[in-house]
Structure formats: structure tokens, C-alpha cells
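All values derive from a computational prediction rather than experimental measurement.
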Amino acid sequence: MEIRYADWMQMERNSGRVSTAHGTQLFQDDVHVQQMFRDNRLVVQLTADLSPVSMLSLRWHFSEKERFHEPVKVYGDAWERGYGDLEWRGVVPERMMPWVCALSNGSDQQPDTDARWTQCFGVMVQPAAFCMWQLDTDGITLWMDVRSGGEGVLLKGRTVTVCEIVFGCYQGMTAFEALKRFYDTLSPSRLRLEQPVYGSNNWYYAYGKSSDEDIRKDAELLADLTDGLENRPYMVIDDGWEKHMTDGPWSAGNERFPDMKALSGAIRDSHVLPGIWVRYLADGHEEWKVEQVARLQRDPHYLDPSHPLVLERIAEDTERLTMQWGYQLIKHDFSTCDLFGYWGFQRKGFLAGSDWHFFDRGRTSAEIVVRMYRTIYEHCPHGTILLGCNVIGHLAAGLVHMNRTGDDTSGVEWERTRKMGINTLAFRMLHHHTLYEADADCVGITGKIDWSMNRQWLQILSLSGTPLFVSCHPDQASGVVADDLRTAFIRASVQKDKLIPLDWMETTCPETWCVNGEKISFRWFQETGMPMKM
């Protein structure tokens, strides 16, 4: 299907009042919605004065030629991280697919691609709306949420480019290759790393119970496991260093972390690079004495990044972590859940609930989120690595170098690692080297997971060409585990391998992969199979 003007368009206001139109323009009172072509993209623009606009939608009706006349499977992306639920399915008309959807014939397990085709639908990164697709046998619909929080945006005469729509049709290649090419067209300004990033993160063996002394030992262990490698690894201090667990402020460490600047220096002295975790918007203890309007209307325990004072605080925290304390990687976490009150898997529709709005109601939620990400990026010194976690990937592309693209794996439960990790790696490698570097999460090593299973997770990550982070309890870093870690870190330090899932169109947990042109298989299930959960 070639990109063309939508056949039908709709605009919804806060009152629930709906206006529709055929053709390229919709006029209703002070609201104007327009479709136009620019650089082979279909651009949607919205202008309004005092009317609170909530939702726009476009609908393309399939012509007889555009209909799919053979069996197809449908791929859909997610708002932020995957939760073990990314998959190819049949046509499910009510399925909501954020940012990108695709349909494809055949199977990527078949080497002959002569008759293969994949049709892709998407929007360019950093749009001014939360954009979601629905596909049925008669056509395809794009929904654009332009609310500010849960209420209509008040543009006050401003014209906003809501999104830029791109279609792509690819023939004679696998669906994986087609989607990689398509994602690459959506993000022309990806941030690029000077060298591959890999290393250690202490979360999956410590779970917040850590100290300055522990981190220094972790850095020394990491230095030993990567001895001789020219590209040095990162030691990322995760949650637990701050005054209140998983909560601000971010101005000092707790009693177990008395001097965060000295700790970053000690990590560097170990010939390892220092990184740190932060949750910018959390202020559950309300230690920051700021006017109430700088807090989210839906929950005052979180800060509202549409308020200028909050952006100033985010900028100050970022400069403290990097310029003053010397951390060279920032992992910023939780922002999507903190902003909207939901994890991605909890909202099959749009993220925001109703009946609340941001302080700046003149900007859409998407604009506010992008501005927050940009504030973090612009206040980092050159060379700082930004790793997003629970960020909205399509809005963060171009503003983070790396993105934790799936929910947490585990240091204690293999089944969680299998469900979240394998699915994330397979489906979110589409984002790797297209939107950012895609981080499928850590290998947690505590001795509580059978090494024969966990070893496979380490192996496939090291072969993936994506970032590898390991969270290893020091007591476990000996013998075969240490040998395996050294081998994995050697590959992770260069990340030149190319990994492709082959059976990803048939399962959410692929077992058959292609590594540098050679087929390889893994066995992800234990002897007892899947555990029964009541």
C-alpha cells in the first residue's frame, strides 16, 4: 500500500463532541485539522484556540488492490518496555498497536524470500501525540492522543505538527529485515556511541541492599573480568544509593554511600567507568518545598515536568550527577509510570487516564515528555551516556543513547528472565541501531538460578551485538561462571555480531536464531516445563 491521504478523519474535544470529515481538512469552530505531504511523509497539523482537543484519528479504507489476499500475521509495538508480550498475531481488529504496526506473509524460518512481502505503518520519532494503530480487513486507523495528561490540550492559537506518517512496503526479504529498515527511516537523528557500552549493574544480586564498599569491590571484580580489554566497561550503581529507597532527593547519598563523588573516582581508579541510576520525578517524601502546581495534579508525590521549576531541578540534578560527581553514564528510570500512573502492560489503550492535566495545558503529553528528555540530554557534558529505562522509546529516540527495552529480568527466578528477556531481545532488536542501542536487561547471577539455563541467556546476549550488563554476586564469580563471563565480555566489548530471530513469527520466546549467518538453537524451558500459576 502506497502512502496517500486518509479517506476519513475525526476530531474529538474534551466534551466528547466529535467532528468528522472526508478529504484533507477538517474545520469545526476554532479547530482546524489538516493533512499535507512533505518529504514523502503525510503530515498532520492541528490548530485550535480555546477548544480543548483530545483525540484525532485518520482512517484509510483498503481498495481491492490494497487488501491482503493471503494469510498474514500482524506485528505491533508497545508504548515503552515490552513485558514478555511482544508478538506476531493474526488480524485482531480491536488490537491497539502503539507507534508502529506491520503485516507480513510467510515465515522468517523459510530461507526462500522471493515471494515474501511486509507492509509497515508508522510515525516519525518525537511526534506531538501518542499515536496508535488498529488494523482490520477493511482498512487501517491511526489514533492520535493530543491531550495534556487526561484532558484536552488548549493550544490558544498555536499550530502543532501532530505527527509525520510513513508507510513502507518491502519485498524479497524477511519480516525482520523489512522492519529494521522501516525503523531506520523513522529516526534520522539517532544518537551514536563512540564505543560499545557494556559492564555491570548491581541491582539483580543486591536489590538495593548495597554500600560504597560493595560497589568498590564490584568495580574491582569487573576490572579483573575484563582485564586486557581496550574498551573499558561501566559499573552502574543502581537504586539504593539515595536517601530514600526509590525516591528523591538526588543531592546526596545515604549513610551507606557517604561520598558519591569519591565513589565515582574510586570506580575510575579501578580502570572502570562509573554510572548511576536516578528517578528524576519521584518526591514521595515531599522534601522539595515547592509550590503545589509543580507537582502532578493526579498525584503530588511526583513532579510535573511541564513546570519550569521542575525542569530546572532536573537540569540541576543532571549536572550534579555528571559535572560535579563525575558519573559518565546516567540510567534514568520510572518516568513513564510516574507521569501517567501505569506500566505499559496495564494500558492496552492510551497511557493517560482521564480527569487530570499537566501544569502546562498548552502542550500535549508527548511534547512535555520530549521536552523532559531533551532537558536531561542538554545538561549532560559531552561523552555522557544516557540509558533510558521505562522511557517511551519513540519519544526518547534521538535523546537517549540506549534504552532498556523490556521489563526486569531476575537474579532469583529463571522463568521471569525467560519470559521478559528472550522476548525483549527478539522483538526489540528492531530498535537496535535504528532508534538507539537496545538493552534487553541484565544477567542476574546469584546462584539461585541453574547456571545451565542462565548461561544461555549470557551467551545469547553476548552474541547479539547489543549491550551486555551483568549483575553478579561476588561469591559466584569463580570457576566456570568467571570463565563464561570473561568470554562474554570479550564479545560485548566490540559488539560486532549480528543476531536474528528466525522463529519469532511463531512464538513469543524464539529458540532458533541466526548468528553471523549460522543457525543456532537454544532451549529455554526447564525439565518441568512452565510453572503453574493459579
Is there a donor in the side chain of [X] and an acceptor in the side chain of [Y], or the other way round, less than 3.5 Å apart?
| X | Y | result |
| --- | --- | --- |
| Asp441 | Tyr204 | yes |
| Gln134 | Trp143 | yes |
| Thr226 | Arg232 | yes |
| Asn403 | Thr405 | no |
| Asn202 | Asp218 | no |
| Tyr327 | Gln324 | no |
| Arg147 | Ser54 | no |

Is a side-chain N or O of [X] found less than 3.5 angstrom from the main chain of [Y], in a donor-acceptor match?
| X | Y | result |
| --- | --- | --- |
| Thr161 | Cys163 | no |
| Thr384 | Cys380 | no |
| Arg404 | Asp439 | no |
| Arg347 | Ala352 | yes |
| Asn14 | Gly152 | yes |
| Ser410 | Val412 | yes |
| Asn423 | Thr508 | yes |
| Glu242 | Gly240 | yes |

Could you pull out the closest heavy-atom pair between [X] and [Y], with the gap in Å?
| X | Y | result |
| --- | --- | --- |
| Ala78 | Leu86 | CB-CD2, 4.0 Å |
| Val125 | Ala397 | CG1-CB, 3.8 Å |
| Asp497 | Leu463 | CB-O, 3.1 Å |
| Gly199 | Pro233 | CA-CB, 3.8 Å |
| Ser335 | Val391 | OG-CG1, 4.1 Å |
| Cys472 | Leu485 | SG-CD1, 4.1 Å |

Using the salt bridge (charged side-chain N to carboxylate O under 4.0 Å, His left out) criterion, which residues pair with Arg374? Sequence neighbours excluded.
none
Go through the structure and list residues passing salt bridge (charged side-chain N to carboxylate O under 4.0 Å, His left out) with Glu312, not counting sequence neighbours.
none
Taking the six-membered ring of Trp288 (Phe, Tyr or Trp), confirm whether the NZ or CZ of Arg313 is under 6.0 Å from its centre and within 45° of its axis.
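Yes, Arg313 sits over the ring of Trp288.
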Test of understanding: with ring pair (Phe, Tyr, Trp, His ring centres under 6.0 Å), list the residues that count as partners of Tyr183, not counting sequence neighbours.
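Residues passing ring pair (Phe, Tyr, Trp, His ring centres under 6.0 Å) with Tyr183: His431.
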Sequence-distant partners of Tyr75, ring pair (Phe, Tyr, Trp, His ring centres under 6.0 Å), two or more places apart:
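Testing Tyr75 for ring pair (Phe, Tyr, Trp, His ring centres under 6.0 Å), a comparison that skips the adjacent residues, returns Trp88.
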Contact list for residues 467-478, test side chain to side chain donor-acceptor pair (under 3.5 Å), sequence neighbours left out
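Residue pairs passing side chain to side chain donor-acceptor pair (under 3.5 Å), neighbours aside: none found.
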Residues pairing under ring pair (Phe, Tyr, Trp, His ring centres under 6.0 Å) where one sits in residues 358-380, two or more places apart or in two chains, turn out to be His307-Phe359, Trp356-Phe358
Does any pair with a residue in residues 389-419 pass ring pair (Phe, Tyr, Trp, His ring centres under 6.0 Å), and if so which ones, sequence neighbours excluded?
Trp99-His394
Could you tell me which residues satisfy side-chain hydrogen bond (donor to acceptor under 3.5 Å, both in side chains) with Trp451, sequence neighbours excluded, listed by chain and number?
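Once residues adjacent in sequence are excluded, the partners of Trp451 under the side-chain hydrogen bond (donor to acceptor under 3.5 Å, both in side chains) criterion are Asp484.
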Quick test of your reading: applying salt bridge (charged side-chain N to carboxylate O under 4.0 Å, His left out), list the pairs with at least one residue in [range], sequence neighbours left out, ordered by first then second residue.
| range | answer |
| --- | --- |
| residues 190-207 | Arg190-Glu437 |
| residues 376-398 | none |
| residues 293-302 | Asp283-Arg295 |
| residues 253-269 | none |

Output for pair (Ile267 CD1, Glu220 CD), nearest 0.5 Å, gives 10.5 Å
Is it the case that the ring center of Tyr234 lies less than 6.0 angstrom away from the ring center of Tyr198?
no
Chi angles and distances behind the salt bridge (charged side-chain N to carboxylate O under 4.0 Å, His left out) call for Lys419, Glu415:
CA-CA 6 Å; Lys419 178 182 177 181; Glu415 184 54 33; over 6 Å; no
ring-ring contact (aromatic ring centres under 6.0 Å, His included) partner of Phe340, chosen from Phe350, Phe130, Tyr302:
Phe130
Please name the residue in the list Thr409, Asp408, Ile449 that meets the side-chain contact (heavy atoms from CB on, under 4.5 Å) test with Arg416.
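Single side-chain contact (heavy atoms from CB on, under 4.5 Å) partner of Arg416 among Thr409, Asp408, Ile449: Asp408.
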Show your working on side-chain hydrogen bond (donor to acceptor under 3.5 Å, both in side chains) between Asn254 and Trp241 and close with a plain yes or no.
CA-CA 6 Å; Asn254 56 44; Trp241 63 267; over 6 Å; no
Hey, what's the ring geometry for His285 with His244, parallel, tilted or perpendicular (30° and 60° as the breaks)?
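His285 vs His244 ring planes: parallel.
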